[in-house]
Structures are given as structure tokens and as C-alpha cells.
Trainee: 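I'd like to ask you about the structure that follows.
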Amino acid sequence: MSTVTATPVRGGWRQARYLPIAASLALLIIAYGFGATRYPAFGDGQVVLNILIDNAFLLVVAAGMTFVILTGGIDLSVGSVVALSTVLCAELLAAGLPAPVVMVAVLAAGAVLGLGMGSIIHYFEIQPFIVTLAGMFLARGISYTLSTESVSLEDPLFVTIAQTPVELPGGLRVSVSVLIAVAVLLVAGYVLHYTRLGRTVYAIGGSNRSALLMGLPVARTRVGVYTISGFCSALGGILLTFYTLSGNSSHAVGMELDAIAAVVIGGTILTGGSGYLAGTVLGVLVLGVIQTLITFEGTLSSWWTKIVIGALLLVFILLQRLIVGRAR
Amino acid sequence: MSRYRLFWPAAALVALLLVNLVLSPSFFSIQVRDGHLYGTLIDILRFGAPLILVALGMTLVVATGGIDLSVGSVVAIGAAIACAQISALPDQNSVGGVFGAFGIALALCLVLGLCNGFLVSVIGIQPIIATLILMVAGRGLAQLVTGGQIITVDSDPFRVLGGGYWFGLPAPILVALGVVAATALVVRRSALGLLVESVGGNPEASRLAGVRARGLLTLVYVFCGLCAGLAGLMVSSNVSSADGNNAGLWIELDAILAVVIGGTLLSGGRFSLGGTVLGALLIQTLSTTVYTVGVPPESTLLVKALVVTVVCLVQSPAFRARLRRRRKPPAPAPAEPAAKVEVPA
């Protein structure tokens, strides 16, 4: 539970707590530079934007995960909640509900699920790991019970949002999902770094006891971060339906690992209390660049992605361990 | 105390079996064909054997206050290595070749367990995170070994481990029971179990008492890796193939569930091997019941979610304290706890 914030100050970017974030930035630049020198097409601006388009939903989910991990918790249910949201979208639209109502309902469902898990974690003092594991079973179970097949979405609003490109200067394009993801990141960054809620999140991660003794609203905040994560997962699910235009209970299997990996590679410490949302964005980009690199290599072996992500996780966790150890 | 702790999982198992008796009377029929036993109950034991093995390893890890998320990946790696070795043999039916493949697969799983143990005990990383690394990378490794394909083998000696019969009983049951018995003997007839529990109960106090936590921690992760590897051999032998993608998928969750149902506290400090075996059998019976009753198999996940929640709530001191407080006022409301359990839904 020790935090890096207690590091002896050496000032500016040389402070130890910036080291992981600097490392992931360096990694991103190296990976991108490697790709750009090896394949001329890799340097194209649209390839970079495609990484954002392909990972918009992961950005949103990982932002929610950052809140949870900063309090020292973990949320294993995110992948299942994403899948559940896509299925709910499909089923509710099929039931004849108007698209805006469906979106609000799905977001509410995700938030309520997170609220429930957060309440159990906080009030019954059960480890977040096991509660969100049950949540993972539950969400996946509900979505399988609703539908085992892939249902395609034909609602005009969903199709329009999915297929409308957002033109950028220079003939580049992004999707609407990317704009939504950027908006979520801006809001999340503001909340985390400039509000009372954000400071309480860091305080709880630093030391739950101290936060309690200081009279901070620990209960509200701890339940709140899981609610935020549930909401972000549901939103991620909606963004995924824009991407695939389908609801499928087998979507996003293992996505919780990608989200956790992105947060860790972004330099947030898993015991909580130290990290930045910007790091999480870098983490998602690193994963995206690696994915694109492997696609460009043309080996078509998704297993290399897993092995590389595992190796990166190892390196970054060892790096964190080194820094935390020195801070003591 | 121990008898009391085994009561609930045993009662749940009996209740589930009774439900089956009502729903499908043929559930309990056991036939003898060619000197082998056949029947649904035997199948539960046979298909439950890998889960028993994985959960056995997990129990000791959980007893130290840790958790091993990588077991599913280790199952897949063990299966992949063994099948890759056997398929490369000039004669797939050679007993020596099959044993050699077993040896290589198990040795690798031992090394993987050693890696987990090293990260947890020497580097001091949280167990969830340390084993998460292998969980992510391991499935990639398994797919690398199988080349992303499903390796099928045609080897009679290999098939025995998962599908064979010894003394009229399916071999996997006997292997799993043998490992459980040997473990129980080593852990409970020596001080090893006590030491593991002391490390889980209070690491600082046991360090002051001179317990070498480092070695013990490494040992339990190595044991867990070996158990998972053996389970992987069983799973692949049963279907005569290795699938890097799907072998052992979700088994870590079932194993953790079995351990928790068996009465081992997730915070560590004490464990019950018998409880874990009962828990694993309960989960396997649950899955089989869902299939035989004709409920869509997807619902197993829902049932498991409810079981995990209820078991954890019952184990939680905070929850029990709340219940007690609520019962004291004049009108005790028995419906209240049930309603509380539904909330996570």
C-alpha cells in the first residue's frame, strides 16, 4: 500500500513517479519508429488514426478501470459487461424500443451492475477480485441466456453513427466512437485530477485507513469507482456495437486483461494510489501499435500479441516494483 | 471443527444429487460393461478429475493467501507440449515415448510454477498480478506450440490417462484420487500443512517464528503448476488432441470456486483438501445436471455467479455481523438475507 508520491523529490520529470509513464512513452515511440522505418505505409497518419478507431471502446473501458485500480481494487467484469451491453442493445432494439432509449437503458444497466458490485465490496468487505469475478459470470451468463447467436443491428441511428466518418484536415478520418472516447477521456481526466472525487480516489489507494481517518467519503467513493467502471464498460459496449454493428454474447472475451494490461503498462501501480489517466491512454496505444505491427508483419499469429503483452506486463510490473522499492 | 466445515459442501452435493434423482431416475444407474463401470455418476468423477487436480493445487496456493490465475493457461501448455511431442514420435504407440512426452510436459509446467513462485516470493509481487502475466502470455505460448492448430494424436498408451480403465474404474479418477491422497498424507502427516497455514495466516508472525516463507511460497506455486500440467495431460488424453485456445478455458475460475465452496478462506490461513474435492465434485455435478436436465448450458454461468456470491457473503464476517444486528430487533425478517443476496444481480 505504499505510494510513490512519497518519493524524495528531485523535481520535474525526473521524479520517480513519472518514470513508468516516460517508459511507456519511450516504448510507444520505439515501437512506432520501428514500424515506420520498416514499412513506409506504417507512418501514414491514417494508420495511426486506425489504431484509435480500432481501440476506441478499449480506451473507454480502460479509463473506468483506471479509477478502480487507483483505489487499489480490480474489476474483472468489464469484458462481460461489454458483451452484455452489445446483446442488450440488439435485444432491446429488436423489441422495438427507440435507439436513444436503448442507449440510456444500457448505460444505466452497466452503472447499476457496477453499483451493486461496489456496494458488496465495500459494505460486506469481500475482496474486489472475487466479487467482480461473480459479476463476470453473471454478466456473461445473462448475455448467453438472452442470445447465443450474433444479432446484427439494423437500427438507422446505430447504422448512421457507425458509418459516418468524421473528416479531419489532411484527408484523414476518424469514427464518431473516437470522438466519444476522447470526450470520455477528457471528462475522466478532469474528474481524476481536478476534483474532490479524484483526490479521494488517490487517497483511498494510498491508504484506505488514512483516508477514513481523514474523514473522506470513502464509502461513496469506493462504490463510485465500480459504478464508473460499470458505466464505462456499458459505454464501451455501445461503441463496440458501432464498430461491429452486432450484438454477440461472445464479444470481448478476455478484454478485462487487455484493460488491466493497458493500465499497468501506462504506469498505474496495481496497489493503487499512483498513476495517471494519460498513462492509460499510452498503454492502450502501445497495445494498439503492437497489434498493428504484428498485422503488418503478416504472420497472422494472434498468439504473438499475447506473448508480447505478457512480456510487457512483466517488464512494467518489475519496473514498478523497482521504483516502489526505492521509494521505501 | 473440520467435520463441521465439510458439512455444507457435502449437504449441497447431496441436495443436488437428490434433485437429479427426481428429475432423471437413470442418473444413478451404474452398469458394468466389459468389466468397466459406466454411468452418469462415473462420468461426473471422470470429467471432474482434472478440476479436482487443478483445485487441489489451488487450495495450497490460496492457503498461503495467494491465488493462481495461470492454471488454465498451464493446462493448455501441458496439453500442447505433450501432444506436440507425441505427434512427433516415429511410433505414437511406444510407451517409452509417451512417458518421455509426459516428463517433458510436466517439467515445463514445473518451471512455469517456479516462475510464478519466484515473482511472488522473491520479487514480492501480488499473486493476482504475478500469475496474471502467465495467464495472458501462457495461452499465447500454448498456441505457439500447437501452431494455432488443434494437434490430434493417435496413441493408445496416451489415451489411457484420460479415457482408460484400471480395475474397472476410469483411470483419471484413480490418478486424481492418488494425487489427493499423497498430498493429504504429505501435508497433514508432516508439519508442511501447518507451515503453509501459518504463512497464510500471518506472514510477519511466521517470519519471526523462523518459518522460511520464501521456499514455502515457491513450493506451493510449483505444486500448483504441476497439478495443472497433469490436468492438462488428462484433458488432452481424453480427446486425443490439444487445443491451445480452448483447453482449460475458465478452469481457474472453477478451481477458485471449488476451493471457496470447500471452506478454504480466500484470505488464507487454513485449508481443507476434502472440502476442495467436494467443491470440485459439486461444480462438476452442477454442470452435468444442467446438461441432463436440458436447461441451456449457458445458464451454468448464472448459477455459478449466484453460488459464488452466496458463498462469499456467508464467509464474510461483515455480512454475518449485519445479519446478527438485524435479527436482534423484535421482528426478525428471514426474507431479508435472501433479498440481500439478489442485490448483486
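Only heavy atoms go into these numbers, but all of them, side chains included; no hydrogens, no water, no symmetry mates. Please read these numbers as outputs of a predicted model, since none were measured by experiment. Letters A, B, ... mirror the listed sequences (proteins, then strands); counts begin at 1.
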Trainee: Does any heavy atom of chain B fall under 4.5 Å from the side chain of A:Ile260, the backbone, both, or neither of them?
Mentor: side chain

Trainee: Applying side-chain contact (heavy atoms from CB on, under 4.5 Å), run through B:Ile125 and A:Leu318 and close with a yes or a no.
Mentor: CA-CA 8 Å; B:Ile125 299 173; A:Leu318 288 179; 4.1 Å; yes

Trainee: Checking A:Val264 against chain B: side chain, backbone, both or neither under 4.5 Å from a heavy atom?
Mentor: neither

Trainee: Is there a side-chain contact between A:Leu314 and B:Leu119, using heavy atoms and a 4.5 Å cut-off?
Mentor: yes

Trainee: Check whether A:Ile307 gets within reach of chain B through its side chain, its backbone, both or neither, counting any heavy atom under 4.5 Å.
Mentor: both

Trainee: Taking side chain as C-beta onward, heavy atoms only, is A:Trp304 less than 4.5 Å from B:Leu144?
Mentor: yes

Trainee: From B:Leu302 CG over to A:Thr145 OG1, what is the distance, rounded to the nearest 0.5 angstrom?
Mentor: 4.0 Å

Trainee: I'd like to know which of B:Ala142, B:Gly244, B:Ala318 tops the heavy-atom pair count under 4.5 Å against chain A.
Mentor: B:Ala318

Trainee: Of all of B:Ala130, B:Ala305, B:Ala321, B:Ser267, which one pairs up most often with chain A through heavy atoms under 4.5 Å apart?
Mentor: B:Ala305

Trainee: Where on B:Ile133 is there a heavy atom nearer than 4.5 Å to chain A: the side chain, the backbone, both, or neither?
Mentor: both

Trainee: Check whether A:Leu270 gets within reach of chain B through its side chain, its backbone, both or neither, counting any heavy atom under 4.5 Å.
Mentor: both

Trainee: With only heavy atoms counted, which part of B:Leu134 is less than 4.5 Å from chain A, the side chain, the backbone, both or neither?
Mentor: neither

Trainee: Rounded to the nearest 0.5 Å, how far does OH of A:Tyr144 lie from CG of B:Leu301?
Mentor: 7.5 Å

Trainee: Of the non-hydrogen atoms in A:Gly310 and B:Ala137, which two are nearest, and what is the gap between them?
Mentor: CA-CB, 3.9 Å

Trainee: Is it the side chain or the backbone of B:Leu69 that comes within 4.5 Å of chain A heavy atoms, both, or neither?
Mentor: side chain

Trainee: Which heavy atom of A:Gln127 sits nearest to which heavy atom of B:Leu266, and what is that distance?
Mentor: OE1-CB, 3.5 Å

Trainee: Measure the CG-CG distance between B:Leu257 and A:Leu133 for me, rounded to the nearest 0.5 Å.
Mentor: 8.0 Å

Trainee: Any idea which of B:Met135, B:Gln143, B:Gln126 has the most non-hydrogen atom pairs under 4.5 angstrom with chain A?
Mentor: B:Gln143

Trainee: Mind checking whether B:Trp250 and A:Val253 have side chains closer than 4.5 Å, heavy atoms only?
Mentor: yes

Trainee: Looking only at heavy atoms, what is the nearest atom pair of A:Lys306 and B:Val136, with distance?
Mentor: CB-O, 3.6 Å

Trainee: Under a 4.5 Å heavy-atom cut-off, does chain B meet the side chain of A:Ile126, its backbone, both or neither?
Mentor: side chain

Trainee: Sort out for me which of B:Ile67, B:Leu253, B:Ile256, B:Leu132 touches chain A most, counting heavy-atom pairs under 4.5 Å.
Mentor: B:Leu253

Trainee: Rounded to the nearest 0.5 Å, how far does OG1 of B:Thr309 lie from CZ of A:Phe137?
Mentor: 10.0 Å

